[in-house]
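It should be emphasised that the depicted structure is a prediction, and the values quoted were computed from it without experimental measurement. Atom set for the values below is all heavy atoms of this structure, side chains included, hydrogens, waters and symmetry mates excluded. Below, read A as the first sequence line, B as the second, and so on, with proteins coming before strands; counting in each chain starts at 1.
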Amino acid sequence: MERYEPLKIEEKWQKIWEETSAFKAEELKNRPKMMLAEMFPYPSGAGLHVGHVRNFTIVDVLTRFYHQQGLNVLRPFGYDTFGLPAENYAIKTGTAPQEVTKTNIANFRKQAKRLGYAIDWSREINTSDPEYYRWTQWCFLQLYKKGLAYQKESYQWWCPVDQTVLANEQVENGKCWRCGHEVEKKKMKQWFFKITEYADELLDEIDSLEWPEKIKTMQKNWIGRSVGAEIDFMITNSRKIKVFTTRPDTILGATFLVVAPEYPELESLVNDDTREEVLAYKAAALKKSEIERQENKEKTGVFTGSYAINPATKAKIPIYVADYVLAGYGTGAIMAVPAMDDRDREFAEKFNLPIVETELVDRDLYGTPKVTYRMRDWLISRQRYWGCPIPIAYDKEGNPHPIPEDQLPVLIPEVDDYKPDNSGRSALAKAKDWLKVTINGEEMTRETDTLDGYACSSWYLWRYASPHDNKAAWDPEAIKYWEPVDYYCGGDHAVAHLLYVRFWCKFFADEGYLPFREPIKRLLYNGYINAPDGKKMSKSKGNVIDPLDVINDGYGADTLRTYEMFIGPYDQDAAWDTRSVGGVYRFLNRCWNLVFAKPSPEDKNIVIRNKTIKKVTSDIHRYNFNTAVAALMEYVNELYKTGATNEDLVILAKLLKPFAPHLASEMLERLNATDEWPTWDDKYLIADTVEIIVQVNGKLRAKISVVPEDLEDESKILSLALTNDKITKYTENGIKKSIFVKKAKLLNLVV
RNA sequence: GCCCGAGUGGCGGAAUUGGUAUACGCGUUCGACUUAAAAUCGAAUGGUGAAAACCAUAUGGGUUCAAGUCCCAUCUCGGGCACCA
């Protein structure tokens, strides 16, 4: 008997798959298609971690399952390569991000191949490849043409020491992540995508998606649609304040107004007595970090000096400025109804403002109906070097002009120093020659902002259909065949990325570029894998499990893959258990050894064989990968007891292949069989004898064995039960009634 | 604070529709093989009990012939949102 040597077997099959381009997909119009993808990874220097392996293996199990079922399957792969780690590394070491990215991709590719994934490697994409981001820029220009990419002044986090804009995630406890200095808010002109234009459709179509309810709810909350009204409160005959409220019917109780510190016309509300205090309050509020605002919900505010007329009561009510009102929502101004609203009451009590109990009035009496969303437009400007340049240039007056499509891509220029310059612009501003561009004979200066990385990942699923197309972002025919994506799997980005791809899909459908309005049919949202101690894996805690170590320790990729599918329900978090890895290895070893055992002379396993085919097939359909593996273990345990026929082993190898493809391929080769997915026949699922559960008052008291036909004969089963010596002692005084459930093979006697 | 989700052996977890609670794996114990160990194979394994039996799915009620599953309340943990008027 040969020993099970996973590393040897895996090397052999990976070589075969590589040399035969085994998973290369082509459009075959007469065959049903299946497209699957994981959320493409950011190729970090650390290589694959066990979380990637779980994510990719889920996709691989489904990919191979549908391959074996005879569908025309596409499972591509790519890399999301723009981002902070490569840029930080560049700032620190001077190494070009392009170089680091290249190295990391090579490592990721090698590791993904080492795991035996059924990837069509001819379709690899990389978002920082000019051939890719050329089309990201094209996408931007389409949005720009329709007014959905626009510039707006907005308040951004600003570090006065580093002289740069910071993203929310770069502000830690109100301080700059690089220098530790306190940050402030600064008004700056930034680019936005107008996602709010699609708010209604994004909300309405959520219910039609085969996505986890959790994600759907998060997206609904994120969009946050509120139905209310806008009401004008007059300050003088010609000046007014517009407020938004969801409760226009409570207007009789509105005893003051509040505007946000960032309210644009705040200065027009002050007088000589209040000006100084109001402006000081505004300045302090702008400095407050998110953390401070969250921690301290004590109401603060200042009277502006102005009054407005409540249109319902005609009362003259004061106007305050307070940071509990948010500038970005509604009109940035509210009518305060302290009798109805807890926050308004708290404010009123602190500032001794009247609290008037109110009768309700007709909702439409004083305002105009208005729908508002919690979701804001998507801020896409990044003052960073390592991102996709925004294809815009400015004329001498500072007006933006799109770079003509035939001048794309706008390449990222080479620079010596990757730090942002002292005007808060990205390092692109240091490429003086690159900045100059001529459009229609006019000299212009290029935009130095780059795009948020989420823009690059908003369309990559469509690029997979024709990844090398140099005429278009995607080929309409290929898209029509392959997409939308049938299965998309990931464990992150519930609202950001997964909302942005839906937004772009709807936009490009409206423009006639896509024949569908939702890009992802089914979403699988997998859980995290934690360290053996139950905590998050992290370098600093020293509890990281490296998947490549597990493989190279001798367990092999098949054990790693199968273990991660067996670890628990795919959508729940799980803790790594090194000893259980050994259990899965033992299981695969037992599968292997069966091939060398003496074949059983008779076929004793028809029932369990058919049962196992049915169970594994339906478990994969329901994404219950852990119980599918358990069923295979049960099957193998049975084969050890009864002896296996050749047929038993062929079925085992076929069912095992999605999980442990190398071992299964080797078994199938030695058994001289194909990997075609097996089918079961329900007629074989009926055993020779059926066990009837006999309960007395709902408690199990006896089991009786009958032939299947007796299931139709209730009276026979009842008399068998009543004469059973385990039952008679309970039924001496007769029974009140009996309930027979044929489907459950159960008889309950009530005494 | 609000909105979800979840609490099952020593541990990870199973239980398609209300119908044998604890599948499968880990761990533990015993046995076989071995000079010995590892590996492998086999057996046992929720608790109490000699047994019969009784008690067990976070806690307390309820519905039902029958509840891990349905209903009501409470507790704990996890996730999301967090002054959105």
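Atom pair Leu326(A):CG and A82(B):P shows a separation of 10 Å (rounding to whole Å applied). Taking atom CD1 of residue Ile692(A) and atom P of nucleotide G19(B), one finds them 16 Å apart after rounding to whole Å. Between Asp533(A) atom CG and G12(B) atom P the separation is 14 Å, expressed in whole Å. When the C1' atom of C83(B) is taken as reference, atom CD of Glu349(A) falls 16 Å away, rounded to whole Å. For Asn624(A) and U16(B), the CG to C1' distance is 9 Å, given to the nearest whole Å. Taking atom NZ on Lys242(A) and atom C1' on A85(B), their separation rounds to 16 Å, with Å as the unit. For the pair Asp571(A) CG and G13(B) P, the computed distance is 12 Å after rounding to whole Å. Lys745(A) has its NZ atom 17 Å from the P atom of A15(B), to the nearest Å.
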Give the table of side-chain donor-acceptor pairs shorter than 3.5 Å for residues 699-708 of chain A, with sequence neighbours excluded, one pair per line with atom names and distance.
{"from": "Arg701(A)", "atom 1": "NH1", "to": "Tyr730(A)", "atom 2": "OH", "distance (Å)": "3.1"}

Under 3.5 Å donor-acceptor pairs involving side-chain atoms of residues 732-749 of chain A, not counting sequence neighbours:
{"from": "Lys742(A)", "atom 1": "NZ", "to": "Glu712(A)", "atom 2": "OE1", "distance (Å)": "3.3"}
{"from": "Lys742(A)", "atom 1": "NZ", "to": "Glu712(A)", "atom 2": "OE2", "distance (Å)": "3.4"}
{"from": "Asn748(A)", "atom 1": "OD1", "to": "Gly698(A)", "atom 2": "N", "distance (Å)": "2.9"}

query = Where does RNA chain B pair, written as one dot-bracket string 5' to 3', with Watson-Crick or G-U pairs under 3.5 Å, ( ) inside the strand, [ ] for crossing pairs and | for another strand?
reply = (((((((..(((......[....)))((((((.......))))))(((....)))..(((((..]....))))))))))))....

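Within residues 245-253 of chain A, the residues approaching RNA chain B are Thr245(A), Thr246(A), Arg247(A), by heavy-atom distance under 4.0 Å.
Nearest nucleotide to the Tyr640(A) side chain, out of A15(B), C83(B), G42(B): G42(B). Looking at the side chain of Lys299(A), the nearest of the listed nucleotides U16(B), C83(B), C55(B) is C83(B). Distance from the side chain of Leu700(A) is smallest for A21(B) among the nucleotides A85(B), A21(B), C83(B).
Counting non-hydrogen atoms under 4.0 angstrom, Ser738(A) reaches nothing in the nucleic acid.
Phe596(A) pairs by the ring-ring contact (aromatic ring centres under 6.0 Å, His included) definition with Trp592(A), not counting sequence neighbours. Partners of Tyr563(A) according to the ring-ring contact (aromatic ring centres under 6.0 Å, His included) rule, which considers only residues two or more places apart in sequence or in another chain, are Trp576(A). Under the rule for a side-chain contact (heavy atoms from CB on, under 4.5 Å), the partners of Ala630(A) that lie at least two apart in sequence or sit in another chain are Phe566(A). Residues passing the side-chain contact (heavy atoms from CB on, under 4.5 Å) test with Thr196(A) are Lys194(A), Asp377(A), sequence neighbours excluded.
Between the side chain of Arg376(A) and the backbone N or O of Arg374(A) there is at least one donor-acceptor pair closer than 3.5 Å. Panel note: side chain Asn310(A), backbone Ala315(A); no donor-acceptor pair is recorded below 3.5 Å. Although no hydrogens or angles enter the test, the distance criterion places a donor-acceptor pair under 3.5 Å between the side chain of Lys216(A) and the main chain of Leu209(A). Between the Asn724(A) side chain and the Lys726(A) main chain, a donor and an acceptor come within less than 3.5 Å of each other. At least one donor-acceptor pair under 3.5 Å links the side chain of Arg363(A) to the backbone N or O of Thr246(A). The backbone N or O of Pro569(A) lies less than 3.5 Å from no partner atom in the side chain of Asn624(A), so there is not a single donor-acceptor pair.
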Under 3.5 Å, which N/O atoms of the protein pair with N/O atoms of nucleotides 1-7 of chain B?
none

Quick one: which protein N/O atoms are closer than 3.5 Å to N/O atoms of nucleotides 63-68 of chain B? Pair and distance per line, please.
{"from": "C65(B)", "atom 1": "O2'", "to": "Asn748(A)", "atom 2": "ND2", "distance (Å)": "3.2"}
{"from": "C65(B)", "atom 1": "O2", "to": "Asn748(A)", "atom 2": "ND2", "distance (Å)": "2.7"}

Do any N or O atoms of the protein come closer than 3.5 Å to N or O atoms of nucleotides 43-53 of chain B, and which pairs are they?
{"from": "A53(B)", "atom 1": "OP1", "to": "Lys729(A)", "atom 2": "NZ", "distance (Å)": "3.2"}

message = Could you go through Ile620(A) and Val616(A), starting from their C-alpha distance and side-chain angles, then the distance that decides it, and tell me whether this counts as side-chain contact (heavy atoms from CB on, under 4.5 Å)?
response = CA-CA 6 Å; Ile620(A) 293 176; Val616(A) 173; 4.0 Å; yes

query = Between Ile235(A) and Leu269(A), is a side-chain contact (heavy atoms from CB on, under 4.5 Å) present by the stated rule, with each step listed?
reply = CA-CA 9 Å; Ile235(A) 301 170; Leu269(A) 298 172; 3.6 Å; yes

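Between His493(A) and Tyr454(A), the ring-plane angle classifies as perpendicular under the 30° and 60° cut-offs.
With both ends at atom P, the span from U45(B) to A52(B) equals 14 Å, rounded to whole Å. When the C1' atom is compared between G7(B) and U59(B), the two are found 11 Å apart, to the nearest whole Å. One P atom belongs to U35(B), the other to U29(B), and the distance between them is 24 Å to the nearest Å. Taking the C1' atoms as reference points, G13(B) lies 10 Å from A23(B), given to the whole Å. With C1' as the reference atom, A66(B) and U74(B) are 26 Å apart, rounded to whole Å. Nucleotides G1(B) and U8(B), compared at atom P, are 25 Å apart to the nearest Å. Look at the C1' atom in both G9(B) and G5(B): the space between them is 24 Å, to the nearest Å. With P as the reference atom, G47(B) and U57(B) are 15 Å apart, rounded to whole Å.
The shortest heavy-atom contact between Ala575(A) and Pro532(A) is CB-O, 4.5 Å.
Looking at Arg590(A) and Asn637(A), their side chains do bring a donor and an acceptor atom within 3.5 Å of each other. Looking only at atom types and distance, the side chain of Thr679(A) has no donor-acceptor partner in the side chain of Asp681(A) under 3.5 Å away.
Base orientation at G9(B) is syn, since its O4'-C1' glycosidic dihedral falls within 90° of 0.
Centroid-to-centroid, the aromatic rings of Phe347(A) and Phe256(A) come within less than 6.0 Å.
Each of Glu691(A) and Pro569(A) has a nearest nucleotide on RNA chain B; the 5'-most of these lies closest to Pro569(A). Nearer to the 5' terminus of RNA chain B, by closest-nucleotide assignment, is the contact made by Ile693(A) (compared with the other of Ile693(A) and Val495(A)).
Look at Glu298(A) and Lys350(A) and you find a salt bridge, because one of the NZ, NE, NH1 or NH2 atoms lies within 4.0 Å of a carboxylate O, short of that distance. Salt-bridge annotation for Asp648(A) and Lys604(A): absent, with no side-chain N of the basic residue lying under 4.0 Å from a carboxylate O of the acidic one.
At A85(B), none of the side-chain N or O atoms of Tyr324(A) fall inside 4.0 Å of OP1 or OP2 (strictly under the cut-off). Applying the 4.0 Å criterion to OP1 and OP2 of U20(B), one finds that Lys743(A) has every side-chain N and O outside that range.
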request  = Let me have a per-nucleotide readout for nucleotides 23-32 of chain B, 5' to 3', with B, S or -, counting only protein heavy atoms under 4.0 Å.
outcome  = BBSSS-----

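For Lys703(A) against U20(B), a side-chain-to-base donor-acceptor contact under 3.5 Å is present.
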